[in-house]
Every structure is written in C-alpha cells, then in structure tokens.
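For clarity, every value in this text was computed on a predicted model and none was experimentally measured. Chain identifiers are assigned alphabetically (A, B, ...) following the order of the sequence lines, protein sequences preceding nucleic acid strands; residue numbering begins at 1 within each chain.
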Amino acid sequence: MKIENKIKDTVAEAIENLYGQKTDSNSVQINLTRKDQKGDFTVVVFPLLRISKKNPEETGKEIGAYLKENMTEIAEFEVIKGFLNLLLSHSYWINSLNEIKDVEEYGFTKTTEDSPLTMIEYSSPNTNKPLHLGHIRNNLLGYSLSRIVGSTGEKVVKTNIVNDRGIHICKSMLAWQKWGNGATPESTGKKGDHLVGDFYVKFDQEYKKEIAGLVASGLSGDEAEKQSKLMAEAREMLLKWEAKDPEVYELWKMMNDWVYKGFNETYKALGVDFDKIYYESETYSIGKEEVLRGLEEGLFYRKEDNSVWADLSAEGLDEKLLLRSDGTSVYMTQDIGTAKMRFNDYPIDKMVYVVGNEQIYHFKVLSLLLDKLGYKWGKDLVHFSYGMVELPEGKMKSREGTVVDADDLIAEMVNTAREMSKELGKLDGYTEEEAEKVYYTIAMGALKYFILKVDPRKNMTFNPKESIDFNGNTGPFIQYSYARIQSVLRKAKDKNITVPDVLNDSSELTEKEIQLLKMVMNFPNIVAEAGKVYSPAVIANYAYDLAKEFNQFYHEMPIVFEEDAKKREVRLVLSEKIGEIIRQSMWLLGINVPERM
RNA sequence: GGUUCCGUAGCUUAAUUGGAUAGAGCACCUGGUUACGGCCCAGGAGGUUGUGGGUUCGAGUCCCGCCGGAAUCACCA
C-alpha cells in the first residue's frame with residue numbers, strides 16, 4: 001500500500017479512537033511537507049477540528065502521538081500552526097528504495113486487453129505550405145500527450161488528418177501551372193513542401209497585384225475581389241477537382257506527393273509519427289452522407305436556398321452551416337466524416353483533438369453534432385487547445401514573412417548545439433557520425449523542452465538562444481544531468497564497485513538523500529497527474545526539479561569516492577534510479593538523453 | 001457587442017487543485033566553492049499575484065464587478 005494511504009487510514013482510525021467518530025479516510029488531507037519545514041508528509045488538521053472540538057495544536061498532537069504509536073514508519077512528528085508534520089524513518093526510505101530499485105519502467109502502467117482506447121489527433125497540416133513553428137508546438141504536444149496517456153495504462157492511437165483539398169491547394173496548383181515552368185523538387189533541389197509553398201505565395205502576390213490594378217482602374221475593393229480572374233480560375237479548378245477532371249487530379253496528386261515527402265522529412269526530424277493517417281479528400285464525402293442522414297432523421301434542417309443547417313440555439317449556440325447551397329461541404333462536414341471513418345476503424349472510447357485555441361468554438365459545435373449523430377464519445381471529446389507561439393520580435397505573420405520555418409529552425413538548433421559542444425570538447429574520441437547524433441539529440445532536446453515546459457493553454461514566446469542554454473530550466477541541462485549520472489556509474493564500474501541485491505536498511509541517510517527519494521517515489525503520481533490534466537508541462541517541471549536536486553546532492557557528497565560501503569551503495573542505487581527516471585520523463589516528452597555530451 | 005481563454009519579479013515561468021513566509025530560471029550585484037563534468041552554495045536587489053469587493057479558520061487558486069490582452073462569433077479551412 002502507498003504510504004500516503006496508510007497514513008490516511010491511520011488518521012481516520014485515530015479520529016475514531018480519540019473522538020469516537022467514524023471518518024472516511026479519503027477526506028483526510030495530506031500533502032508532501034513544504035521544503036522549508038522539517039518532515040516528509042503533512043496532515044492538515046483544520047478540517048478535523050469540527051470533530052475533535054479542540055484547538056489545532058492539541059488535535060495535531062493527539063493524532064500525531066497516535067500515528068507514531070501505531071506506525072513503525074513514523075519516526076517523529078511536529079505540529080506547527082495547524083499542520084501536523086510527519087517525519088518517516090530512515091529504514092522506511094531505504095526499504096522503499098529496495099522495493100523499487102529493480103522495477104523497470106517504474107511509474108508507468110502497462111496496458112492490457114481491456115484498457116480503454118484513446119485516439120489522439122494532432123499535426124493536421126494543410127498541403128499548400130511547409131510546417132512552421134506553430135505546427136511544431138502542435139506536433140510536440142500531440143506526440144508527448146500520446147506517450148503520457150499511453151503510460152497511464154490506456155491504449156493510444158496517434159492519428160493525423162491531412163487537409164489535402166480545398167481552394168488553398170488549388171491556388172498553389174494554379175500558380176505552378178502558370179509560372180512554374182515545370183519545376184520539380186528534383187529540378188530545383190528544393191524540398192517538396194517548400195516548393196509548393198513558394199507557389200502558394202506566388203499566387204497571393206499575383207492576386208494582390210491584380211486587385212491593386214483593378215482598384216486603380218476605379219473599382220472598390222469588394223468589386224475588385226469579385227472580378228478577379230485569378231480567383232475565378234482557382235474556384236473553377238476546385239470544381240474540376242471535385243469532378244475528378246483527369247488533368248487537375250493528376251496535378252493535384254503530383255504536387256501533394258511532393259509535399260508529403262517534405263512533411264515526412266520534417267516529422268522524422270521532429271521524431272514524431274502516426275499510427276493512422278486520414279485524408280480529407282477521402283472523408284469529406286462521408287461527412288456529406290452523415291449530414292444527409294441527420295437531415296432525414298430530423299436532426300438538421302434545409303433552408304430555402306438548399307443549404308443544410310443545425311440549430312444549436314437550445315444548447316446556447318447559434319445555427320451552424322453544414323452543407324452549402326451548392327451542396328459542397330464545409331470544414332465541419334469534413335470533421336464529421338473523419339469522425340465516422342475513425343469510429344468504424346477503431347473501438348474508440350475517447351477522442352482527443354490537439355488543435356489551436358482559435359478553434360474552441362468549432363469543437364464545441366462538433367461535440368454537440370457528433371453527440372446528436374449518436375457517437376458515444378462525441379459529447380465528451382477533448383479539444384486539447386493550446387496557445388500561439390510568438391517570437392521575441394513579436395507575432396508570426398505569414399504575410400509579413402516573419403514565420404519561422406520548421407526545417408530552418410531545426411537546422412539552426414543543430415548548428416548551435418554543434419558549436420557549443422565543440423567548444424566544450426567532451427566528445428573527443430567519438431566518430432564524426434556519433435558526435436553528430438549527440439548534437440542532434442541536444443538540439444532537439446532544447447527545442448522540445450523549451451516548448452513543452454510551458455502550460456499549453458498559454459501563448460508562449462519562443463527564444464532560440466535561451467532554449468539551448470546548458471544551464472537553467474532547459475532541456476540540455478536535464479540531458480547533461482543524465483549524462484553526468486552515467487559518467488558516475490561508469491566510474492563505479494571501472495572501480496569494480498558492486499551493489500548488493502538488497503540494501504542494508506541500517507545506514508543513516510542525509511536530508512538530501514531523503515529529499516531525492518521522496519521525489520523519486522512521487523514519480524508515479526506525477527505521471528498520473530500529467531495524464532489526467534493532459535499536460536506535458538507537469539512532467540517537464542518535475543524532471544527539472546529532480547535534475548536540479550540531484551546536482552545539489554552530487555555537489556554536497558561523494559558517490560564513488562565515499563569510503564563507507566553502505567552509504568556508497570545507497571548513493572549509487574539512488575543515482576541510477578534517478579537517471580532512469582530522468583530518462584523516462586524525457587521519453588514522455590519525446591526527448592532522448594545522451595550517454596555523454 | 002456576445003462567448004471563451006489569459007493576466008504572478010525586467011524577461012520566461014511554478015505553486016501538490018482552497019493550505020504554512022508566492023517558489024525557480026535567465027539577466028544584474030557581493031562573496032565562497034569547484035575531488036565524479038561545465039556544477040553548486042550563501043547573500044543582495046526585484047511581488048499590493050491587473051484591480052475592487054465577496055465566500056472561508058485560510059484565496060494566486062472559488063464567486064461577482066471593473067481594467068488590459070488574445071481568440072472566436074463566415075456558404076474560409
């Protein structure tokens with residue numbers, strides 16, 4: 001049994017014995033003791049005064065005395081201002097370490113056949129431009145979430161919905177036809193997604209020129225947009241695409257393939273992957289069918305102009321368009337279709353959408369619609385929304401060219417990591433290839449950690465320079481701490497120091513060692529917490545605290561050079577376990593740790 | 001204007017879900033350490049937790065009103 005629960009039970013028992021009233025042990029409030037106070041666990045006595053009818057000091061003392069009497073684990077207690085602080089014995093801590101030291105994947109819950117299945121959708125790119133910093137946040141959050149949820153005992157399916165159709169893609173295609181001169185990724189040496197993105201930009205430029213010309217000839221802005229020939233051509237192309245016009249369709253396939261190749265490179269560099277990819281071009285027609293089914297069942301209604309709507313005013317929302325008057329589908333229709341396909345493919349218990357917070361309203365509506373259409377997870381689907389990524393210079397705006405390209409950013413991070421590592425020269429003896437791998441690990445650790453450590457809901461500012469710092473609350477600092485532990489363990493091995501299977505529980509522990517053990521044993525709670533609130537940031541902050549605490553310990557006392565064998569053994573086992581937990585924590589964030597750096 | 005989210009030190013952020021004196025990092029200033037690795041330690045400065053009320057033994061956290069910022073409210077995706 002977990003010690004927290006044992007304390008709770010015993011407190012309940014104490015109350016019954018002392019004051020003659022039964023209490024639910026779950027209502028007993030217990031926390032880890034604040035760092036600046038003596039003690040390990042704290043029982044909050046205020047809520048118990050109602051029962052004891054005595055002052056906080058007295059109540060705390062009576063309960064404390066009872067606990068000490070009845071629990072061998074408790075060595076001392078102290079009551080301060082209504083808080084009962086309990087100090088556990090050294091042998092308790094060493095025995096706890098004995099219990100967990102050989103447990104693999106400590107803190108993770110294994111999935112079984114009957115585990116619930118959660119599907120996590122993330123990434124969801126458009127195929128008309130390359131990925132940028134905003135997508136990076138999405139991908140990292142989604143991937144980390146899938147690992148966290150998967151470690152709390154749930155089955156996870158990672159999925160991606162690719163927005164591979166629509167007017168925006170026709171714009172790129174049209175620009176390529178008009179001004180591309182047959183350019184291909186091979187002929188230009190450009191990554192496919194970048195090449196297509198260039199034509200998307202080209203379209204926008206030419207379109208603006210055309211509008212400016214029309215306005216100069218005396219039209220108003222609105223009229224000019226209506227009269228634009230370019231836009232008309234793009235729309236015409238979309239209609240041809242929907243009609244599967246062979247020429248348009250082939251062009252669409254070819255350009256999308258270029259983009260996918262490019263995306264796959266970026267995904268690989270980011271270290272993310274998917275179990276199942278859906279394409280909007282395959283789901284939008286299913287969405288239409290679903291909407292028509294809903295229409296037949298009287299869930300939706302048709303307006304005079306033939307468009308189809310859902311009335312959500314009873315739920316406090318507006319009317320929502322589901323099919324245009326010309327019968328074509330909108331964003332919502334496609335998401336309904338995708339949901340249906342997924343539901344057919346997997347026995348989904350819970351659906352999580354990792355999508356930016358600008359779409360909160362959309363997902364509120366989607367949830368209601370899916371519920372109406374009879375999907376059991378529709379009502380409580382989770383829209384994991386996150387804030388924007390900004391730069392120190394200000395907001396990213398694609399029109400103003402201040403977007404940070406994902407590939408550029410990754411390359412820049414690797415360069416910085418290489419320069420810094422070379423200066424420090426700890427990789428002497430590594431081959432070039434091995435060293436490159438380490439640079440990459442550090443670069444991605446910096447990038448990923450910096451983005452994942454902040455509360456997802458908040459808008460964040462990405463500062464490349466700060467993120468790759470080796471000190472402070474950064475990924476490389478944690479990676480460094482891990483590498484340092486491995487270095488200590490190697491040293492122990494060199495000196496032929498071994499540890500017994502079971503540590504002797506009679507040795508004394510220092511404050512620092514106990515503090516570290518407490519943190520180690522709190523790891524399972526942290527994982528559970530992160531899974532519950534869907535927050536990689538919880539893991540990130542924990543990993544940092546643990547690394548920092550270890551570094552203090554490392555500084556304060558010798559490990560390998562400790563003369564007393566019993567002490568040395570405890571410290572080695574503790575160090576090894578902390579190394580494992582740092583590795584696991586970083587793994588949950590999708591970050592690798594190097595043996596040396 | 002309606003709805004939703006956010007507001008903590010110069011900057012980036014945390015706070016065990018309502019608990020003790022709001023805790024870190026970066027940057028800045030003193031000093032000390034630096035056996036296993038760049039670490040680390042002590043101290044200084046920096047906070048009316050946007051603001052005013054309310055609930056509570058107890059509020060950064062819950063409720064209400066303001067102020068500021070963001071997003072959204074399309075036959076765009």
Colleague: Can Tyr544(A) be said to stack with the base of A24(B), given centres closer than 5.5 angstrom and planes under 30 degrees apart?
Modeller: no
Colleague: So what does Met557(A) hit on the nucleic acid, given a heavy-atom distance under 4.0 Å: a base, only sugar-phosphate, or nothing?
Modeller: base
Colleague: In whole Å, what separates the C1' atom of G18(B) from that of C63(B)?
Modeller: 13 Å
Colleague: By the 4.0 Å heavy-atom rule, please label Val44(A) as base, sugar-phosphate, or nothing.
Modeller: base
Colleague: Taking atom P in both G50(B) and G60(B), what distance in whole Å separates the two?
Modeller: 10 Å
Colleague: Output the single nucleotide from C36(B), C6(B), A20(B) whose closest atom is nearest the side chain of Ile559(A).
Modeller: C36(B)
Colleague: Within the sub-3.5 Å range, which N or O atoms of nucleotides 10-14 of chain B have a protein N or O partner, and how far apart are they?
Modeller:
residue: A14(B); atom: OP1; partner: Asp455(A); partner atom: N; Å: 3.3
residue: A14(B); atom: OP2; partner: Lys458(A); partner atom: NZ; Å: 2.9

Colleague: Which nucleotide wins on minimum distance to the side chain of Asp318(A), given the candidates C73(B), A77(B), C40(B)?
Modeller: C73(B)
Colleague: For Asp335(A), report the nucleic acid contact type (base, sugar-phosphate, nothing); a contact means any heavy atom under 4.0 Å.
Modeller: nothing
Colleague: Classify Asp326(A) by what it touches in the nucleic acid, base, sugar-phosphate, or nothing, heavy-atom distance under 4.0 Å.
Modeller: nothing
Colleague: Is there a donor and acceptor pair closer than 3.5 Å between the side chain of Thr42(A) and the base of A20(B)?
Modeller: yes
Colleague: When you measure from the side chain of Phe46(A), which nucleotide among G19(B), C39(B), A77(B) comes out closest?
Modeller: G19(B)
Colleague: Counting Watson-Crick and G-U wobble pairs only, both distances under 3.5 Å, name the nucleotide matched with U3(B), or none.
Modeller: A71(B)
Colleague: On RNA chain B, check which nucleotide each of Ile30(A) and Glu556(A) is closest to and give me the residue with the more 5' one.
Modeller: Ile30(A)
Colleague: Can a donor-acceptor pair be found, under 3.5 Å and without considering hydrogens, that links the side chain of Ser313(A) to the backbone of Asp318(A)?
Modeller: no
Colleague: Would you indicate which nucleotide in U4(B), C36(B), U72(B) comes nearest to any side-chain atom of Tyr361(A)?
Modeller: U72(B)
